[in-house]
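Down below is the structure, laid out as structure tokens.
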Amino acid sequence: MTQFQGVKGTRDIFPDEISRWHYVEGVVHSVAALYGFSEIRTPVFEYTELFQRGIGATTDIVGKEMFTFLPDPNGRSLTLRPEMTAGVMRACLQKNLLSQAPVHKLWYISDLFRKERPQAGRQRQFTQFGAELLGVSNPAAVAEVLTFMMQVFETLGLHGLRLRINSLGDLDDRARYREALRAYFQPYEADLDESSKERLEKNPLRILDSKNPALQEMITGAPRLYHSLKPESVAEFEQVLAYLDDRQIAYNVDHLLVRGLDYYCHTAFEVTSSELGAQDAIGGGGRYDGLARELGASADLPAVGFAVGMERLMIVMEKQGLFATLNPHGPLVSVVIQQKELAGHAMQVAFHLRKAGIKTEIDLAERSMKAQMRDANRMGSAYALFVGQSEFESGIYALKNLVTSEQTSLDLDAIIEVLREPAARESLRP
RNA sequence: GUGAUUGUAGCUCAGGUGGUUAGAGCGCCAGGUUGUGGCCCUGGAGGUCGGGGGUUCGAGUCCCCUCAUUCACCCCA
């Protein structure tokens with residue numbers, strides 16, 4: 001195979017799939033509007049340092065998954081965005097948005113890039129929608145964002161999702177906990193695997209989400225982050241849970257949930273589906289009050305957000321049969337040309353129909369009538385309009401209803417009248 | 001980056017222990033119906049068997065290398 005091939009980990013979306021995207025995107029749009037979030041779009045690439053600072057230099061994303069390049073020998077290093085939050089925060093700080101109003105509610109749907117080996121539910125270019133709420137991150141704000149996300153899932157009809165939630169505390173809480181964890185794991189250092197040894201130094205919390213079965217016993221015996229939280233942190237977390245209870249959103253508190261991005265603090269959450277295979281996270285998020293300062297702001301900026309993987313969401317929807325009713329209508333009428341000498345006239349007819357607002361198909365490849373009719377049938381046209389010698393001479397066209405097979409002869413104005421009537425649309429087929 | 005898996009027609013796949021012109025179903029095109037679709041019948045087009053090298057009289061089949069795919073690890077959406 002010497003032909004060109006799409007880049008590893010990328011995917012083409014063809015017309016047979018696009019209606020699914022339109023549908024899901026439409027639901028996201030409308031739920032965002034219900035919650036009063038406005039859309040933001042930011043560039044696909046940023047200076048590399050933005051992600052190093054924002055996401056954290058020790059994270060896997062920054063350490064080994066970024067597409068980084070130099071635009072020219074003297075230029076600054078650039079990186080294709082591996083997530084949205086850092087870019088959105090950068091944009092808002094750059095414009096000094098928070099000086100215009102104290103709270104901003106933003107949402108996005110954007111393509112992201114991560115240089116990982118592709119597998120089920122994982123691509124190198126993928127799409128996330130998500131929201132960022134800037135200016136408040138109290139329990140009400142956390143609940144707002146979580147409820148927004150869950151309402152999208154509910155509107156789409158997903159079931160069997162699992163929401164896990166945890167509190168990571170504030171910086172002090174975590175510093176205390178880091179030391180407690182180090183103290184606990186240190187004696188077992190020889191038993192740890194390579195990556196866990198490294199984490200013991202850099203970020204011991206991440207040892208907790210290791211899936212290595214050999215470590216599970218050690219991990220379940222580890223001290224709980226929860227016990228390192230100061231009372232205010234605990235109270236905040238319980239307020240979030242109380243809001244979820246009020247809204248009858250089911251969740252599991254998971255004390256081992258840490259998540260791989262450094263900027264999270266206090267509440268962190270993740271939604272998983274058992275329909276997904278190994279990569280089972282469909283969405284996640286949390287609070288990230290410290291990110292703004294990390295990016296150069298003079299103070300912390302309260303912030304909460306979530307992100308949902310569109311492709312994974314759509315895998316689950318497919319498995320749950322949630323696209324079954326999504327059949328776009330075919331054309332209302334196909335213009336069928338008897339002989340190629342009449343093609344010019346037939347195209348004029350099609351042009352008039354389209355000007356009149358009627359969805360019209362016409363063969364452009366000089367194919368046989370049989371082929372044109374077969375196509376009309378396959379595309380789901382409700383009607384066929386024949387253009388032959390006698391039609392050309394008389395201006396009276398044969399119009400066939402392809403569902404009932406009834407055929408009448410009318411002039412073009414009368415045909416337009418017929419096709420404009422609501423009854424014509426009853427013959428529309430998927 | 002590591003491990004395993006699979007690569008034969010547009011698609012889904014057959015092709016024991018190597019043996020002549022590599023097959024099927026679906027799809028596509030044409031005809032049966034010289035101005036009319038779906039169903040049916042007939043015919044046709046379409047393959048460097050992922051690529052390269054090797055063993056052999058002979059390789060889709062065996063060996064090596066390589067590329068790609070898929071799944072999993074790591075981690076994440």
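The chains referred to below are lettered A, B, ... by the order of the sequence lines, with proteins before strands, and numbering in each begins at 1.
Note: NZ (K400(A)) to C1' (G37(B)) measures 7 Å, nearest angstrom. One can place CD of Q125(A) at 14 Å from C1' of A77(B), the figure rounded to the nearest angstrom. Counting to the nearest Å, the C1' atom of U69(B) and the CD atom of Q5(A) are 9 Å from each other. Here the C1' atom of nucleotide A30(B) and the CD atom of Q372(A) are 15 Å apart, to the nearest Å. Straight-line distance from the CG atom of L399(A) to the P atom of G37(B): 16 Å, rounded to whole Å. If you measure from atom CG of L276(A) to atom P of A72(B), you get 10 Å, rounded to the nearest angstrom. Between the CG atom of D375(A) and the C1' atom of G27(B) there is a distance of 13 Å, rounded to whole Å. Counting to the nearest Å, the P atom of G35(B) and the CG atom of L385(A) are 18 Å from each other.
In terms of position along RNA chain B, the nucleotide closest to Q407(A) lies nearer the 5' end than the nucleotide closest to the other residue of the pair Q407(A) and G6(A). Map R374(A) and K64(A) each onto its nearest nucleotide of RNA chain B; the residue landing nearer the 5' end is R374(A).
Using a 4.0 Å heavy-atom criterion, one finds that E116(A) contacts the bases of the nucleic acid, with or without backbone contacts as well. Within 4.0 Å (heavy atoms only), A120(A) reaches sugar-phosphate atoms of the nucleic acid but no base atom. Contact annotation for G130(A): no contact, since no heavy-atom pair falls under 4.0 Å across all strands.
Among G38(B), C73(B), A77(B), the nucleotide with an atom closest to any side-chain atom of R312(A) is A77(B). Considering only the side chain of M369(A), U36(B) comes nearest among C29(B), U36(B), A72(B). Closest contact between the side chain of A398(A) and the listed nucleotides G32(B), A72(B), U36(B) involves U36(B). Across A77(B), C73(B), U36(B), the shortest atom-to-atom separation from the side chain of A278(A) is found for C73(B).
Taking 3.5 Å as the limit, the base of G38(B) and the side chain of S405(A) contain a donor-acceptor pair of atoms between them. The base of G35(B) lies close enough to the side chain of S390(A) for a donor and an acceptor atom to sit less than 3.5 Å apart.
Comparing the C1' positions of G58(B) and C73(B) gives a spacing of 44 Å, expressed to the nearest Å. Here, C49(B) and C57(B) have their P atoms 22 Å apart, quoted to the whole Å. Taking the P atom of each, C62(B) and G43(B) are spaced 35 Å apart, rounded to whole Å. To the nearest whole angstrom, the two C1' atoms, one in G54(B) and one in C11(B), are 34 Å apart. The same atom, C1', is picked in C39(B) and in A77(B); the two are 47 Å apart, to the nearest Å. Look at the C1' atom in both U61(B) and G16(B): the space between them is 11 Å, to the nearest Å. Of the C1' atoms belonging to U21(B) and U17(B), the separation is 24 Å, rounded to the nearest Å. On the C1' atoms, G53(B) is 13 Å away from A59(B), given to the nearest whole Å.
Residue E116(A) forms a salt bridge (charged side-chain N to carboxylate O under 4.0 Å, His left out) with just one option from K8(A), R122(A), K64(A), and that option is R122(A).
Taking a pair to require two hydrogen-bonding distances under 3.5 Å in either a Watson-Crick or a G-U wobble arrangement, G16(B) remains unpaired. Here A68(B) sits opposite U6(B) as a Watson-Crick or G-U wobble pair (both hydrogen-bonding atom distances under 3.5 Å). Pairing partner, G31(B): C41(B), with both Watson-Crick or wobble hydrogen-bond distances short of 3.5 Å.
Crowding of E154(A) atom CD: a count of heavy atoms from other residues, nucleotides or ligands under 6.0 Å not exceeding 12.
Between the side-chain ring of F386(A) and the base of G35(B), no stacking contact exists by the 5.5 Å and 30° definition.
OP1 and OP2 of U34(B) both lie 4.0 Å or more from every side-chain N or O belonging to Q339(A). Within the 4.0 Å cut-off from OP1 or OP2 of A77(B), not a single side-chain nitrogen or oxygen of R124(A) is found. Of the side-chain N and O atoms in R122(A), none sit less than 4.0 angstrom from OP1 or OP2 of C71(B). Of the side-chain N and O atoms in Q119(A), one or more sit less than 4.0 angstrom from OP1 or OP2 of A72(B). Contact check, R117(A) against G1(B): no side-chain N or O comes under 4.0 Å of OP1 or OP2. At U69(B), one or more side-chain N or O atoms of K8(A) fall inside 4.0 Å of OP1 or OP2 (strictly under the cut-off).
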Handout entry: Test ring-ring contact (aromatic ring centres under 6.0 Å, His included) applied to F45(A) and F113(A), step by step
Key = CA-CA 10 Å; F45(A) 50 22; F113(A) 307 85; 9.9 Å; no
Handout entry: Verdict with supporting geometry, S228(A) and D173(A), side-chain hydrogen bond (donor to acceptor under 3.5 Å, both in side chains)
Key = CA-CA 6 Å; S228(A) 295; D173(A) 295 336; over 6 Å; no
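Considering CD of Q389(A) and CD of E391(A), their distance stands at 9.5 Å, rounded to 0.5 Å.
A salt bridge links E46(A) with R90(A): the closest approach of a Lys/Arg side-chain nitrogen to an acidic carboxylate oxygen falls below 4.0 angstrom. Taking a cutoff of 4.0 Å between a charged side-chain nitrogen and a carboxylate oxygen, R162(A) and D280(A) do not qualify as a salt bridge.
A perpendicular orientation is assigned to the rings of H345(A) and F392(A), their planes being inclined by more than 60° (bins at 30° and 60°).
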